[in-house]
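Here is the naming used below: chain letters follow the sequence lines, and residue numbers restart at 1 for every chain.
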Amino acid sequence: MNDLLFKLQLPEDFDLGACLEYMNRSPLECLFRTDEAGVSRMFRIEGGPLLVRLSVSEGHKLSVTRLHGAVPGALEQEQLARYIVEWFDLDRDLAPFYKLAAADPLLGPLASQHRGLRIIGIPDLFEALCWAILGQQVNLAFAYRLKQRLTAEYGEALEWEGQTYYRFPGPEVFAEVQVEELCTLQLTRSKAQTVLTVASLITSRELSREELLALPSPAAAEQRLLQIRGIGPWTSQYVRMRCLRDASSFPVGDVGLQNVIKFLTGMDRKPTPAELLELARPWQGWEAYATFYLWRALY
DNA sequence: CCCCAGGCATTCA
DNA sequence: TGAATGCATGGG
């Protein structure tokens, strides 16, 4: 079928291939499917599920095509476009980042090697919070497994051409769910409780992405998130980075980041948060991008 | 059996 | 305010 819905003009310093490499890092990823030249993802619009594929087309444009499902109206296409802009951070000018990276011994090689990679966002607040919560203090493979189970159990599935596509469940799905039920998916009690707390806050509109973005500063948004039990510094900084699109967010507690720095600098131990902050001084304003690129050295 | 993983809450000085 | 400790779970 392959209906072209619309095209988005891509910014300079965008390379879909570099983004796909990152997105392709786990075979357990269940919320989108990458191929050599693009990525497909399921959305839900008024008319039902909609399967969309993104790929690059002539003139440095991103083509958005409908593979299957409901036909989006003009308004829905605008929402979809907005989602994609946030997903790939398309409206950010990366020139300043590459300028500082070129002068940085740690970032320089990574910036050249992955040039055009952007922070792959998680525009939906509930999904972003859940992903961070699931990822607390477990290895990444297990975090993906937890997300996969949660999605398969509570999300929405769509079969098309022999593949299954999933959509992450909305927070309202968890209204009647008990902690014990989530624990059967191998979430710890604490993770299960935090997921339910967040689901309830978002469903009742006590918490929203719009509200967080409307706060005076990203730091204020972080403070707001920290008030929620089960959400600590790492989770709130991670959400700032992946959902609120704050390029200056710096998850210093991140063990992956610590390990990369240890590896790249040849330290015989992991750096302390204080040492990381010192190291990150030249990255002022771009700490999240620095972190994202540094993560690339891990896989 | 031990250590680690894209932490958090609690306690104690 | 900040360091130390307990905690929960699977993987290697």
Hey, what's the ring geometry for A/F97 with A/Y293, parallel, tilted or perpendicular (30° and 60° as the breaks)? tilted
Kindly assign one of parallel, tilted or perpendicular to the pair A/F126 and A/F168, based on the angle between their ring planes and the thresholds 30° and 60°.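 Plane angle between 30° and 60°, so tilted.
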Less than 6.0 angstrom from the centroid, inside 45 degrees of the normal: does A/R82 satisfy that with respect to the ring of A/W87?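 Verdict for A/W87: no cation-pi partner in A/R82.
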Would you mind reading off the distance between [X] atom [atom1] and [N] atom [atom2], rounded to a whole angstrom?
| X | N | atom1 | atom2 | result |
| --- | --- | --- | --- | --- |
| A/L187 | B/dA5 | CG | P | 21 Å |
| A/L182 | C/dT9 | CG | C1' | 15 Å |
| A/Q186 | C/dG11 | CD | C1' | 13 Å |
| A/L298 | B/dA5 | CG | P | 10 Å |
| A/W131 | B/dG7 | CH2 | P | 11 Å |

Its contact letters, B for base, S for sugar-phosphate only and - for none at protein heavy atoms under 4.0 Å, make nucleotides 8-13 of chain B read SSS---
In residues 138-150 of chain A, which ones come under 4.0 Å of DNA chain B, going by heavy atoms?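 Correct list: A/V138, A/N139, A/L140.
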Nucleic acid contacts of residues 256-284 of chain A, taken as heavy-atom distances under 4.0 Å to DNA chain B: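 Close to the strand are A/G256, A/N259, A/K270.
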Looking at the rings of A/F32 and A/Y165, which for Trp means the six-membered one, are their centres under 6.0 Å apart?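 No - the distance between ring centres of A/F32 and A/Y165 does not fall below the 6.0 Å cut-off.
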Give a yes or no on whether the backbone of A/S190 and the side-chain of A/Q193 come within a donor-acceptor separation of less than 3.5 Å. no
For A/G285, does its backbone N or O pair with a side-chain atom of A/E287 as donor and acceptor, under 3.5 Å? yes
What pairs of donor and acceptor atoms, side-chain ones from residues 43-56 of chain A against any protein atom, are under 3.5 angstrom apart with sequence neighbours left out?
{"from": "A/R44", "atom 1": "NE", "to": "A/E156", "atom 2": "OE1", "distance (Å)": "3.0"}
{"from": "A/R44", "atom 1": "NE", "to": "A/E156", "atom 2": "OE2", "distance (Å)": "3.1"}
{"from": "A/R44", "atom 1": "NH2", "to": "A/E156", "atom 2": "OE2", "distance (Å)": "2.5"}
{"from": "A/R53", "atom 1": "NE", "to": "A/D35", "atom 2": "OD2", "distance (Å)": "3.1"}
{"from": "A/R53", "atom 1": "NH2", "to": "A/D35", "atom 2": "OD1", "distance (Å)": "2.8"}
{"from": "A/R53", "atom 1": "NH2", "to": "A/D35", "atom 2": "OD2", "distance (Å)": "3.3"}

Co-membership, hydrophobic cluster, residues A/L294 and A/V255, 4.5 Å side-chain: no
Run the side-chain contact (heavy atoms from CB on, under 4.5 Å) test against A/R205 and tell me which residues pass, sequence neighbours left out.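 For A/R205, no residue satisfies side-chain contact (heavy atoms from CB on, under 4.5 Å) once neighbours in sequence are set aside.
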Before accepting this row, confirm whether a basic side-chain N of the pair A/D89/A/R118 lies closer than 4.0 Å to the acidic partner's carboxylate O. no
Side-chain donor-acceptor pairs under 3.5 Å in residues 100-107 of chain A, sequence neighbours left out?
{"from": "A/D104", "atom 1": "OD1", "to": "A/L106", "atom 2": "N", "distance (Å)": "2.9"}
{"from": "A/D104", "atom 1": "OD1", "to": "A/L107", "atom 2": "N", "distance (Å)": "2.9"}
{"from": "A/D104", "atom 1": "OD2", "to": "A/W283", "atom 2": "NE1", "distance (Å)": "2.7"}

